[in-house]
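Have a look at the structure below, then the notes.
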Amino acid sequence: MKISEIAKVIGLREVVFCNDYEIEHCYVGDLLSVVMRSAQQNTIWLTVQSHVNIIAVAALTGIKAIVLCEGLYFTPDTIEKAKEEGINLYSSLESSYILAGKIYELGIR
């Protein structure tokens, strides 16, 4: 499913849009070393981490979109780095748990 479709259906707020990537997986996690070990390519990542290091993790693993949950905000340097690396950024007021359930209902595992 395209990231634009996912964002529309579950109500994500677009922060950075680089490309309408095909998303095949979802990953929920906040510990960067675990995300690096476990996340797959073409993933949407749900987290509460907002600092610039999340972009390096996404670029390294092939994550295509990051959703910052619980009404938190990305730092300006994170936004700029996401644009450079081609990583889509979104935000949501909802928790990772709720968003993961919605994404699961869309058939993304």
Side-chain angles (χ1 to χ4, degrees):
M1 178 176 252
K2 296 285 188 182
I3 188 62
S4 62
E5 296 172 71
I6 296 168
K8 182 178 179 182
V9 170
I10 67 172
L12 300 177
R13 185 180 71 84
E14 184 180 295
V15 177
V16 172
F17 185 83
C18 299
N19 197 326
D20 202 9
Y21 298 111
E22 188 73 27
I23 300 298
E24 299 171 6
H25 309 283
C26 180
Y27 192 82
V28 180
D30 300 314
L31 188 58
L32 301 186
S33 60
V34 175
V35 176
M36 284 190 295
R37 179 193 71 208
S38 302
Q40 301 176 48
Q41 289 193 355
N42 303 318
T43 289
I44 184 170
W45 175 19
L46 310 178
T47 187
V48 294
Q49 298 288 345
S50 63
H51 51 79
V52 72
N53 293 344
I54 63 173
I55 304 305
V57 170
L60 179 70
T61 59
I63 289 169
K64 302 299 185 193
I66 302 171
V67 180
L68 188 57
C69 303
E70 300 191 21
L72 300 171
Y73 297 95
F74 290 104
T75 62
D77 55 333
T78 301
I79 292 169
E80 288 309 309
K81 192 66 174 173
K83 291 175 185 176
E84 290 174 22
E85 294 291 336
I87 308 293
N88 293 349
L89 299 180
Y90 296 89
S91 65
S92 176
L93 296 175
E94 295 185 286
S95 71
S96 299
Y97 176 79
I98 296 297
L99 291 175
K102 290 180 178 184
I103 292 170
Y104 188 88
E105 287 177 349
L106 296 175
I108 296 169
R109 308 288 188 256

Hydrophobic cluster membership, with links at side-chain heavy-atom distances under 4.5 Å among I/L/V/M/F/W/Y: are [X] and [Y] in one?
| X | Y | result |
| --- | --- | --- |
| I54 | V67 | no |
| M36 | I55 | yes |
| V9 | I103 | yes |
| L12 | F17 | yes |

| task | Could you walk me through whether E105 and K102 pass the salt bridge (Lys or Arg N to Asp or Glu O under 4.0 Å) test, one step at a time? | result | CA-CA 5 Å; E105 287 177 349; K102 290 180 178 184; over 6 Å; no
Kindly compute the distance separating [atom1] ([X]) from [atom2] ([Y]), expressed to the nearest 0.5 Å.
| X | Y | atom1 | atom2 | answer |
| --- | --- | --- | --- | --- |
| E22 | E5 | CD | CD | 7.5 Å |
| I108 | C26 | CD1 | SG | 7.5 Å |
| R13 | L89 | CZ | CG | 10.0 Å |
| N53 | T75 | CG | OG1 | 9.5 Å |
| I87 | Y21 | CD1 | OH | 6.0 Å |
| T61 | R37 | OG1 | CZ | 13.0 Å |

Would you mind reporting whether [Y] and [X] have side-chain heavy atoms less than 4.5 Å apart?
| X | Y | value |
| --- | --- | --- |
| I6 | Y90 | no |
| I44 | N88 | no |
| V34 | Y27 | yes |

Do the side chain of [X] and the main chain of [Y] share a donor and acceptor less than 3.5 angstrom apart?
| X | Y | value |
| --- | --- | --- |
| T78 | S50 | yes |
| D30 | T47 | no |
| E70 | L93 | no |
| T43 | W45 | no |
| N42 | K64 | no |

| remark: Here the pair of heavy atoms bringing L46 nearest to S96 is CD1-O, 3.7 Å
| message | Would R109 pass as a cation-pi partner of Y104, given that its NZ or CZ must be under 6.0 Å from the six-membered ring centre and within 45 degrees of the axis? | response | yes
| said: Please determine whether a side-chain nitrogen of the Lys or Arg among K81 and E84 lies less than 4.0 Å from a carboxylate oxygen of the Asp or Glu. | reply: yes
| said: The test is side chain to side chain contact (heavy atoms under 4.5 Å, CB included); show your working for I3 and N19 and say whether it passes. | reply: CA-CA 9 Å; I3 188 62; N19 197 326; over 6 Å; no
| request: Would you indicate whether K2, at its atom NZ, is surrounded by more than 12 heavy atoms from other residues, nucleotides or ligands within a distance under 6.0 Å? | output: yes
| Atom CG of L72 with >12 non-hydrogen neighbours under 6.0 angstrom | yes
